[in-house]
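A short worksheet on the structure shown next.
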Amino acid sequence: MKNSYLSLLIIVGCAISVRAGEAIGYKHVAPLPPELYGTGFYAALDLGANVFQDYGGSRIFVDQFDRFTIDTVKIHPDNNVGFFGGLKLGYVFGTGIIRPTIEGDFFYNGFPGDADLKLREVFDPCGGNPECLAPIFLTTRSGRVSSWINTGAFMGNFILRLAFGRFQPYAGAGVGGYYAKSADVGIKTPFHTFTATGANHADFAWQVLAGTDYYWTSKFSSFVEYRYVTYTNIQINAGDDDDLGQHLLGAGLRFHF
């Protein structure tokens, strides 16, 4: 009987020792915080095309040399496709779902400045002499104007981003300025071909934009972006409505650091 009690005490003591060892050796491990994508400073490269640009409608210019000779020129611009490429530098505020962002946007934009023209000429071979009975001629000639316009623009953008993990859509607007320079202008009619010197101009510009990022890692993403850009007074002295609106569609890579 005495040996039985002794054996029972030994078993109970071993069990208590094992439980105590388990309790002392247990450690609580805190769960890892969720990974944050797209925070802080970033740089981005983008490239794309101005898929449509609106020069406005046809324009008519009248140049009266004397009482009997009037030249009327009608110009119809072509809204051709160009391309752009640039660099963005910005900062994303906060780590919540809604993240305000400020961004500097620098880009080159090149596009054709082509147009069709019609020249309507009233010609008086007598030069206004009332004693001359020669008939007055009315002629219409068609032609073509071609050039290439290079622009450099800087925009300061304010953007709101929505952070859904790796997927982050955004929208915003920006204001800034641009500098534009056209190459020499080629003018061709059925009877004449000549070149006019190009021009340059600097003025105000603004844009609205929207796009979305997909983050492959917490610091690196690829994105697509649409923007509507307006260059004010792009056609110097060409009329009252002389702004140029462009629809730009591009893609790029974003790096956070």
Side-chain angles (χ1 to χ4, degrees), residues 45-65 70-88 104-121 140-157 173-209 225-250 252:
L45 298 172
D46 63 338
L47 181 69
N50 48 323
V51 294
F52 181 78
Q53 54 193 356
D54 185 9
Y55 281 106
S58 299
R59 300 174 186 273
I60 298 176
F61 304 91
V62 177
D63 190 1
Q64 181 171 341
F65 296 99
I70 298 177
D71 291 329
T72 301
V73 180
K74 182 178 181 180
I75 297 179
H76 180 71
D78 293 339
N79 297 307
N80 296 324
V81 174
F83 70 93
F84 75 93
L87 170 68
K88 300 171 180 285
D105 191 3
F106 317 84
F107 60 93
Y108 162 82
N109 187 359
F111 51 93
D114 299 342
D116 298 316
L117 65 86
K118 286 188 176 180
L119 172 65
R120 183 176 181 270
E121 182 180 15
T140 301
R141 304 175 186 174
S142 298
R144 179 78 175 168
V145 178
S146 61
S147 183
W148 183 267
I149 300 175
N150 299 290
T151 69
F154 166 75
M155 300 283 188
N157 299 328
V175 296
Y178 74 94
Y179 174 79
K181 181 176 178 60
S182 67
D184 290 345
V185 180
I187 303 174
K188 184 176 181 179
T189 69
F191 303 102
H192 300 90
T193 298
F194 58 94
T195 301
T197 304
N200 57 76
H201 185 67
D203 218 311
F204 174 76
W206 59 269
Q207 67 178 355
V208 293
L209 57 92
E225 183 176 279
Y226 162 81
R227 63 175 95 182
Y228 176 78
V229 182
T230 295
Y231 299 99
T232 63
N233 198 30
I234 189 69
Q235 301 174 73
I236 307 169
N237 299 325
D240 295 330
D241 184 18
D242 50 11
D243 294 349
L244 171 64
Q246 289 186 331
H247 299 266
L248 275 60
L249 184 62

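- Counted by atom type alone, N109 and Y178 present zero donor-acceptor pairs between their side chains at under 3.5 Å.
- The shortest heavy-atom contact between A180 and T151 is CB-CG2, 3.6 Å.
- I149 has its side chain out of reach of Y231: every pair of non-hydrogen atoms, C-beta onward, lies at least 4.5 Å apart.
- Among residues two or more places apart in sequence or in another chain, the side chain to side chain donor-acceptor pair (under 3.5 Å) test is passed with Y228 by none.
- Considering every non-hydrogen atom in both A205 and M155, the closest pair reads CB-CE, 3.5 Å.
- Under the ring pair (Phe, Tyr, Trp, His ring centres under 6.0 Å) criterion, F83 pairs with Y108, not counting sequence neighbours.
- No donor-acceptor contact under 3.5 angstrom links the side chains of T230 and D243, judged on distance only.
- Counting heavy atoms from C-beta outward, E225 and K88 have side chains that approach closer than 4.5 Å.
- Under the side chain to side chain donor-acceptor pair (under 3.5 Å) criterion, N50 pairs with Q53, sequence neighbours left out.
- When side chains are defined from C-beta on, Q246 does not count as touching F84, because their heavy atoms never get closer than 4.5 Å.
- Counting heavy atoms from C-beta outward, Q207 and L248 have side chains that stay 4.5 Å or more apart.
- Across every non-hydrogen atom of D46 and L87, the tightest pair is OD1-N, 4.1 Å.
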